[in-house]
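As structure tokens, the structure follows; a few thoughts come after it.
Naming convention: chains lettered A, B, ... in sequence-line order (proteins, then strands); numbering from 1 in each chain.
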Protein chains: 2
Amino acid sequence: MGCDVMNPTFGFVTNQLKKHNIRLSNRRLKVLEYLCNNQNHPTVDQIYVNLHKDVPTLSKTTIYNTLHTLVEVGLVRVINIEDNETRYDILTEDHGHFKCDSCGKIFNFNVDLDSFTTYELSGFRIMDRNLYFKGICQRCLLNINKNY
Amino acid sequence: MGCDVMNPTFGFVTNQLKKHNIRLSNRRLKVLEYLCNNQNHPTVDQIYVNLHKDVPTLSKTTIYNTLHTLVEVGLVRVINIEDNETRYDILTEDHGHFKCDSCGKIFNFNVDLDSFTTYELSGFRIMDRNLYFKGICQRCLLNINKNY
DNA sequence: ATAAATAATTGTAATGATTACAATTATATT
DNA sequence: AATATAATTGTAATCATTACAATTATTTAT
Ligand SMILES: [Mn+2]
Ligand SMILES: [Mn+2]
Ligand SMILES: [Zn+2]
Ligand SMILES: [Zn+2]
């Protein structure tokens, strides 16, 4: 069933869509549901493979279309950490990302970027702020140490 | 001739390469020179198109190879702002990026990311830190205002 | 309710960046 | 000079993403 973690709650989402005259079709709902239930910054392919089980007629193109639409409205955020995989995040509030080079997992962490400012960008209009780190996560570090 | 802006000076670069037993071939030198002289975070294609004028036998593969090698040694940094274009930066010191959605230019700005830390990542080994903003640059904002 | 207009979805084919890999050339070692 | 190692190239393959036209669903007007 629906979203366990109702971060941008269903009401909010539907509101936003209505506001932008975007229909909440069945397919779009599926994608949104998936993003809510799997907040691990999935790729298009991951979304596709998973939803395809339930809805075999769902096409990858539709996922691309849906995501583009949702990104445009600001309900989904694009994450470009690796140059060979685009990921999507339903959490649109300000937060940073840490990607573990060992297990591949992407972690969220809190950070207040909105308040960040520098004289070098005075006169610039900042619309979008992104912060990401890379390295080895705690769990992987522990595992590595165990094996020696 | 060589690099006007010798940020990672030639000496430093050659040293680093020697240290890692990487030969400074003619092609690699060309790529390094280009990166030094054009610190606008070029794409592989931009590098290729430009160098190809002088060295028609230079292949795109070599540029990829060279960049990968340089990145591995830490002399070049990958920039993933857009999901459809990988850019490369010869400036490896800690700094942030601002990409103008209007003119496409990528600006540098100073920021101390090394000192940044959060309890949420305690126990994590952070190897790489990236901060980038998107929006409209000052010049483009001025131009937009002029036209109204 | 029916017909016309609009939006959503799909599939196919195209694009374009990146990589795999084998062949060739250059450099270093013996 | 002969051999081993590294660099470069070209071709073809891969893979994510997009373009676009055809189909289906939904809304709106009649
Ligand atoms: Mn996130
Ligand atoms: Mn830079
Ligand atoms: Zn890990
Ligand atoms: Zn601009």
Side-chain angles (χ1 to χ4, degrees), chain A residues 13-14 16-34 41-73 75-89 104, chain B residues 13-14 16-34 41-73 75-89 104:
Chain A
V13 169
T14 48
Q16 284 298 103
L17 292 177
K18 257 185 205 148
K19 195 183 288 177
H20 291 269
N21 287 318
I22 292 167
R23 211 177 289 158
L24 181 58
S25 68
N26 209 31
R27 301 297 156 98
R28 284 176 180 163
L29 180 60
K30 286 282 178 197
V31 174
L32 268 172
E33 261 182 25
Y34 184 85
H41 317 92
T43 64
V44 165
D45 202 63
Q46 282 165 4
I47 301 171
Y48 175 70
V49 168
N50 278 281
L51 291 187
H52 194 256
K53 292 176 199 159
D54 289 338
V55 192
T57 61
L58 176 69
S59 85
K60 222 174 195 173
T61 311
T62 297
I63 298 181
Y64 275 108
N65 290 340
T66 303
L67 287 171
H68 289 160
T69 307
L70 293 174
V71 167
E72 215 160 302
V73 186
L75 289 173
V76 165
R77 185 163 243 267
V78 181
I79 300 182
N80 296 308
I81 296 185
E82 302 295 343
D83 51 353
N84 57 349
E85 58 173 26
T86 304
R87 293 174 166 276
Y88 296 88
D89 197 345
Chain B
V13 169
T14 48
Q16 285 298 102
L17 292 178
K18 256 185 205 148
K19 194 182 291 177
H20 291 267
N21 287 317
I22 291 166
R23 211 177 288 160
L24 181 58
S25 68
N26 209 31
R27 303 297 157 96
R28 284 176 180 164
L29 180 60
K30 286 282 178 197
V31 174
L32 268 172
E33 261 182 26
Y34 184 85
H41 317 92
T43 63
V44 164
D45 202 63
Q46 281 165 4
I47 301 172
Y48 175 70
V49 168
N50 278 280
L51 292 186
H52 195 257
K53 291 176 199 157
D54 290 338
V55 192
T57 62
L58 177 69
S59 86
K60 221 173 195 173
T61 310
T62 297
I63 298 181
Y64 275 108
N65 290 339
T66 303
L67 287 172
H68 288 160
T69 307
L70 294 174
V71 167
E72 216 159 300
V73 187
L75 290 173
V76 165
R77 185 163 244 266
V78 181
I79 301 182
N80 295 309
I81 296 185
E82 302 293 345
D83 50 354
N84 56 348
E85 59 173 26
T86 304
R87 293 175 166 276
Y88 296 89
D89 197 346

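Residue contacts shown for B/T43 are absent, as no nucleic acid heavy atom lies under 4.0 Å away. Counting any heavy atom pair closer than 4.0 Å across all strands shown, A/T66 reaches no nucleic acid atom.
Under a 3.5 Å cut-off, the side chain of A/R87 and the backbone N or O of A/I79 do not form any donor-acceptor pair. Looking at A/D89, its side chain never comes within 3.5 Å of a backbone N or O of A/H41 through a donor-acceptor pair. Checked by atom type and distance alone, the side chain of B/Q46 pairs as donor or acceptor with a backbone atom of B/T43 at under 3.5 Å.
In this structure, CD of A/E82 is placed 16 Å from C1' of D/dC15, rounded to the nearest angstrom. Distance CD1 (A/I63) to C1' (D/dT17): 13 Å, rounded to an integer number of Å. B/K30 has its NZ atom 17 Å from the C1' atom of C/dA26, to the nearest Å. Rounded to whole Å, atom C1' of D/dG10 lies 12 Å from atom NE2 of B/H52. The nearest whole Å value for the distance from the CG atom in B/L67 to the P atom in D/dT8 is 12 Å. Summarising the geometry, the separation between OH on A/Y48 and P on D/dA16 is reported as 12 Å, rounded to the nearest angstrom. When the P atom of D/dT23 is taken as reference, atom CG of A/L58 falls 20 Å away, rounded to whole Å. Rounded to an integer number of Å, the gap from CG of A/L70 to P of C/dT9 is 11 Å.
Checked against salt bridge (charged side-chain N to carboxylate O under 4.0 Å, His left out), B/R77 has the following partners two or more places apart in sequence or in another chain: B/D128. Listed by chain and residue number, A/D45 satisfy the salt bridge (charged side-chain N to carboxylate O under 4.0 Å, His left out) test with A/K60 (two or more places apart in sequence, or in another chain). Residues satisfying the ring-ring contact (aromatic ring centres under 6.0 Å, His included) test with B/H52, not counting sequence neighbours, are B/Y48. Checked against side chain to side chain contact (heavy atoms under 4.5 Å, CB included), B/V55 has the following partners two or more places apart in sequence or in another chain: B/R27, B/K30, B/T57, B/L58.
The CD atom of B/E33 lies 4.5 Å from the CG atom of B/L29; values are rounded to the nearest 0.5 Å.
Under the 4.5 Å side-chain criterion, counting only non-hydrogen atoms from C-beta, B/L67 is in contact with B/I47.
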What's touching nucleotides 13-19 of chain C from the protein side, N or O pairs under 3.5 Å?
from   : atom 1 : to    : atom 2 : distance (Å)
C/dT18 : OP1    : B/T86 : OG1    : 2.8
C/dT18 : OP2    : B/Y64 : OH     : 2.4
C/dT18 : O5'    : B/Y64 : OH     : 3.1
C/dT19 : OP2    : B/H68 : NE2    : 3.2

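The stretch residues 16-26 of chain A touches DNA chain C through A/R23, A/S25, each having a heavy atom under 4.0 angstrom from the strand.
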